[in-house]
Each structure stands twice: as C-alpha cells, then as structure tokens.
Amino acid sequence: MKKILVTGGCGYIGSHTLVDLLEQGYDPISIDNLVNADEAILDNVAAITGRRVPNYRIDLCEEEALRSFFRQHDDIEGVIHFAALKSVGESVEQPLRYYRNNVLGMVNLLENVRELQISSFIFSSSCSVYGNADELPVTETTPFGEAESPYARTKQIGEQLIHDLARATAGTRFVLLRYFNPAGAHDSGRLGEAPINPASNLVPVITEAAIGKRKELVVFGDDYPTRDGSCVRDYIHIMDLADAHTKALKFLIEGKNAGQVETFNLGIGEGVSVLEAVHAFEESTGEKLPYRIGPRRPGDVDAVYASNERAARLLDWRPQRDIAEIMRTAWEWEKVR
Ligand code: WQD
C-alpha cells in the first residue's frame with residue numbers, strides 16, 4: 001500500500017480524506033499540531049474504516065521535528081497538505097501568525113518533499129485566491145484577484161511557492177485544488193465538522209442555531225446585487241471534496257498530469273444564496289431555523305461559484321451531492337456530535 005502523508009489529518013477536510021484514502025487502499029498517516037482539531041476524530045475515522053490512522057503532533061514550523069519525522073518515514077510516496085489556519089476574520093486580526101503558520105510551515109514541508117524527492121504533492125488551496133472575480137463561473141485560468149484577507153494571500157503565496165519550486169526541481173509533481181465552500185458531514189453520521197474554535201462558516205452556524213447552541217443565524221446582508229439580495233456561494237459536500245483528493249492522487253501517481261503543476265477548481269458549478277441555503281435546511285430537515293437579517297460582513301464577495309469542467313474531464317471527478325444533502329448530513333452530525 002502506498003504511504004501518504006496527510007498534514008492536518010485531524011481537521012474537517014483532512015479527516016474525511018483519510019476515510020476516502022483508506023477506502024481506496026492507501027496507507028495514510030497524519031501530522032497535525034491540534035491547534036484547531038481534536039485527535040479523537042481519528043476514532044471516528046476508525047469507526048467507519050476499521051483503521052486507526054496514526055497522528056504525529058508536529059507543528060510544521062518546527063523545522064528539526066519535521067526533518068526528524070521525514071527521516072523516520074522516508075517511504076512516503078505522496079503528500080496531501082491541508083494543515084493551515086483558515087479563519088478569514090482571524091487572519092485580518094493576526095496576519096503575522098497566518099504568514100508564519102501557513103507560509104513558513106509550507107516552506108519547511110516542501111524542503112523535506114524536495115530532499116526526499118516525494119513524487120506527488122497535493123495543495124489545499126482556495127477559491128479565495130480569485131478575490132472578487134468579475135466573471136462567473138470562475139475557471140482555473142481566471143487570474144488571481146486582490147486577496148480579501150491575509151488568509152487568502154497565504155493561499156496565493158502557497159500556489160506561487162509550488163510553481164517556483166517546480167521550475168527549480170523536476171522530482172515532484174503537484175496538484176493545486178481550489179476549494180469553494182466545503183460543507184456537510186459523512187453519510188454514516190459518524191464524522192463531520194468538529195472545530196475546537198467557534199464555527200463561523202454558514203452551515204455549522206445554521207445547525208448550531210437550529211439545535212439551540214446559539215440564539216439564531218444572522219444573515220450578513222440582503223442588499224447584494226444577487227437574485228434575492230443575499231450572497232451567493234458554491235457549496236460542495238465534504239465527501240465529494242474528499243473523493244476529489246483521492247482522484248487527484250491517482251492522477252499524479254499514474255502520471256496523467258501534462259504539466260508539473262496542475263490546478264483544479266472543486267465546486268459543484270452552481271451558486272446558492274444564503275437565503276436559499278436557509279430554506280434548503282428547513283426543507284431537508286423539517287426543522288424551523290431562527291434567523292434574522294443583519295448588516296453585511298466586511299470582506300464578503302457578492303457571488304462566487306466554480307466551473308468544475310476541468311476536474312470532471314481530467315480527474316474523472318463529478319460531485320454527487322447537492323445543498324439538500326449537505327444540510328441533511330450536517331444536521332444528522334450536529335445532533336450526535
Ligand atoms: C458563506 C456565506 C456569509 C455566516 C470561507 C472562506 C473561504 C473558503 C470557504 C477555505 C457568506 C454568509 C456566514 C453567518 C452569514 N475557505 N454567512 N451568516 O466566507 O464564503 O468562505 O469558506 O478555503 O476561503 O472565506 O464562507 O461560510 O463564512 O460564508 O450570512 O453567520 O454565508 O456572508 O455570504 P465564505 P462562510
């Protein structure tokens with residue numbers, strides 16, 4: 001079995017990707033410093049797959065600890081790099097912490113990947129690299145926009161790090177995956193989003209409001225130039241997102257990449273507004289959601305959604321789940337977590 005390092009393996013996307021990797025016959029191990037995750041989530045992964053993935057509690061900024069890890073694991077054949085701080089708002093308040101963690105940590109990781117000539121590297125990038133795109137849907141050739149936050153800029157820098165490294169060395173092949181809005185939970189109801197820090201993304205805020213963990217959802221503005229005045233996003237089910245990572249790994253391992261760096265948008269290819277998401281939650285769960293309209297949130301773009309044609313064509317990847325399934329699975333998880 002091919003040994004795959006998943007950094008951030010205890011996180012939301014990381015843990016769901018561990019499940020998919022195991023089900024596809026890979027041998028994953030995790031590095032996670034647990035700054036925003038609980039290692040116990042690997043018990044949930046084990047409950048689904050029958051395998052307890054080992055996690056090494058290493059901070060990617062600790063150069064020596066990371067180098068020593070790679071000396072012990074010189075049989076790693078691929079890396080999927082999720083580990084990063086990801087709160088847009090927090091990055092505005094603490095930019096240096098975000099640049100240190102997301103950029104310096106990635107430089108340390110890539111140093112080891114280069115020295116060991118690890119053949120496949122997948123980077124967890126983000127639709128936020130596009131900023132406030134003029135044309136929709138955004139395609140992989142849509143140029144970087146002005147980053148709306150330091151978080152988004154660390155993703156732009158991360159992509160540039162990879163392009164510059166690829167130009168300097170031939171040993172590793174790269175895939176950049178630009179996520180739109182990951183949401184939902186595992187079909188089994190045994191795994192889902194379980195951040196240590198308070199949720200700020202829409203779907204967990206909805207389920208917390210519905211179950212009474214918070215008074216209500218505040219819709220951040222209904223005066224945008226969209227069909228119902230609320231912001232439009234491309235929500236992608238976490239299991240479809242995990243599947244895309246395993247398909248991207250297979251794509252690299254089988255040498256199907258034309259260029260040394262290949263980029264893919266991961267969205268479902270259509271926009272859903274905040275108010276439509278609220279109604280989708282109520283319809284798919286039968287629950288009444290307490291919400292009110294509040295002021296706009298600074299930094300929000302009016303609308304962004306993907307063209308995912310390239311991933312469909314080259315990765316043979318097609319998202320299977322819609323916003324109703326996102327809300328149904330997110331609600332099932334909220335009730336048990
Ligand atoms: C979605 C919509 C809010 C909460 C973020 C990151 C992005 C990417 C995806 C990683 C917006 C509205 C939200 C609430 C609301 N992450 N909202 N009330 O900001 O689109 O994207 O996650 O790659 O980088 O920025 O996601 O879930 O915060 O917001 O009205 O309490 O829901 O205004 O329109 P966002 P989000």
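If you're wondering where the values come from, they're calculated on a predicted model, not measured in any experiment.
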Where is the tightest heavy-atom contact between Leu266 and Leu241, given as atom of each residue plus distance?
-> CD1-CD1, 3.6 Å
Pair Glu159, Ser125: side-chain N/O donor-acceptor within cut-off below 3.5 Å | yes
Indicate whether any N or O donor in one side chain lies under 3.5 Å from an N or O acceptor in the other, for Tyr99 and Thr154.
-> no
Note: Ile236 and Asp240 closest approach over all heavy atoms is CG1-CB, 4.3 Å
Using a 4.5 Å cut-off on heavy atoms from C-beta on, say whether the side chain of Pro290 contacts that of Lys288.
-> no
How far does CG of Asn265 sit from CD of Glu309, to the nearest 0.5 angstrom?
-> 10.5 Å
Evaluate the side-chain proximity of Leu252 to Phe121: yes if any heavy-atom separation is below 4.5 Å, no if none is.
-> no
Salt bridge (Lys or Arg N to Asp or Glu O under 4.0 Å) assessment of Lys2 paired with Glu77 | CA-CA 6 Å; Lys2 294 188 182 301; Glu77 298 190 45; 3.1 Å; yes
Which donor-acceptor pairs under 3.5 Å do side chains of residues 255-262 form with protein atoms, sequence neighbours excluded?
residue: Lys256; atom: NZ; partner: Glu254; partner atom: OE1; Å: 3.0
residue: Asn257; atom: OD1; partner: Arg173; partner atom: NE; Å: 3.4
residue: Asn257; atom: ND2; partner: Gly259; partner atom: O; Å: 2.8
residue: Gln260; atom: NE2; partner: Thr169; partner atom: O; Å: 2.9
residue: Gln260; atom: NE2; partner: Thr172; partner atom: O; Å: 2.8
residue: Glu262; atom: OE1; partner: Arg310; partner atom: NH1; Å: 3.3
residue: Glu262; atom: OE1; partner: Arg310; partner atom: NH2; Å: 2.7
residue: Glu262; atom: OE2; partner: Ala258; partner atom: N; Å: 2.9
residue: Glu262; atom: OE2; partner: Gly259; partner atom: N; Å: 2.8

Indicate the atoms forming the closest heavy-atom contact of Thr141 with Thr139, along with that distance.
-> OG1-OG1, 2.9 Å
Start with the C-alpha gap between Lys213 and Glu334, add the side-chain angles, then the distance that decides, and say whether salt bridge (Lys or Arg N to Asp or Glu O under 4.0 Å) holds.
-> CA-CA 10 Å; Lys213 285 181 183 169; Glu334 183 64 63; 2.5 Å; yes
Of the non-hydrogen atoms in Leu21 and Leu249, which two are nearest, and what is the gap between them?
-> CD2-CD2, 3.7 Å
Residue pair Asn36 / Asn197, side-chain donor-acceptor N/O under 3.5 Å = yes
Restricting to pairs with a member in residues 8-39, which pass ring pair (Phe, Tyr, Trp, His ring centres under 6.0 Å), not counting sequence neighbours?
-> Tyr12-His16
Take the angle between the ring planes of Tyr56 and His73 and call it parallel below 30°, perpendicular above 60°, tilted in between.
-> perpendicular
Any residue meeting salt bridge (charged side-chain N to carboxylate O under 4.0 Å, His left out) with Glu39, in chain and number order, not counting sequence neighbours = none
Validate the cation-pi geometry between Arg296 and Tyr224: distance from NZ or CZ to the six-membered ring centre under 6.0 Å, angle to the ring axis within 45°.
-> yes
Is the distance between the ring centroids of Phe264 and His245 under 6.0 Å?
-> no
Flag for Asp32-Ser30: side-chain donor and acceptor within less than 3.5 Å = no
Spell out, as yes or no, whether a donor-acceptor pair under 3.5 Å connects the side chain of Thr7 to the backbone of Phe82.
-> yes
Does the side chain of His186 pick up a donor-acceptor pair with the side chain of Thr329 at under 3.5 Å?
-> no
With no hydrogens and no angle check, do the side chains of Thr246 and Asp20 hold a donor and an acceptor under 3.5 Å apart?
-> yes
Please tell me if the side chains of Ile323 and Glu276 come closer than 4.5 Å, counting only heavy atoms from C-beta onward.
-> no
State, to 0.1 Å, how close Asp234 and Gly269 come at their nearest heavy-atom pair, and which atoms those are.
-> OD2-N, 2.9 Å
Counting N and O atoms only, with roles assigned by atom type, does the side chain of Thr49 sit under 3.5 Å from a partner on the main chain of Leu22, one being a donor and the other an acceptor?
-> no
Measure the shortest side-chain to side-chain distance between Pro295 and Phe220 over non-hydrogen atoms and say whether it is less than 4.5 angstrom.
-> no
Begin with the C-alpha distance, continue with both residues' side-chain angles, and end with the deciding distance and a verdict on salt bridge (Lys or Arg N to Asp or Glu O under 4.0 Å) for Asp43 and Arg52.
-> CA-CA 7 Å; Asp43 298 332; Arg52 185 45 159 91; 2.9 Å; yes
Side-chain donor-acceptor pair present, Glu90, Tyr98, cut-off under 3.5 Å = yes
State, yes or no, whether a side-chain contact exists between Phe281 and Arg328 at a heavy-atom distance under 4.5 Å.
-> no
Is there a side-chain contact between Leu66 and Asn112, using heavy atoms and a 4.5 Å cut-off?
-> yes
Would you say the side chain of Tyr291 lies within less than 4.5 Å of the side chain of Val218, judging by non-hydrogen atoms?
-> no
Are His163 and Phe174 close enough that their ring centres sit under 6.0 Å apart?
-> no
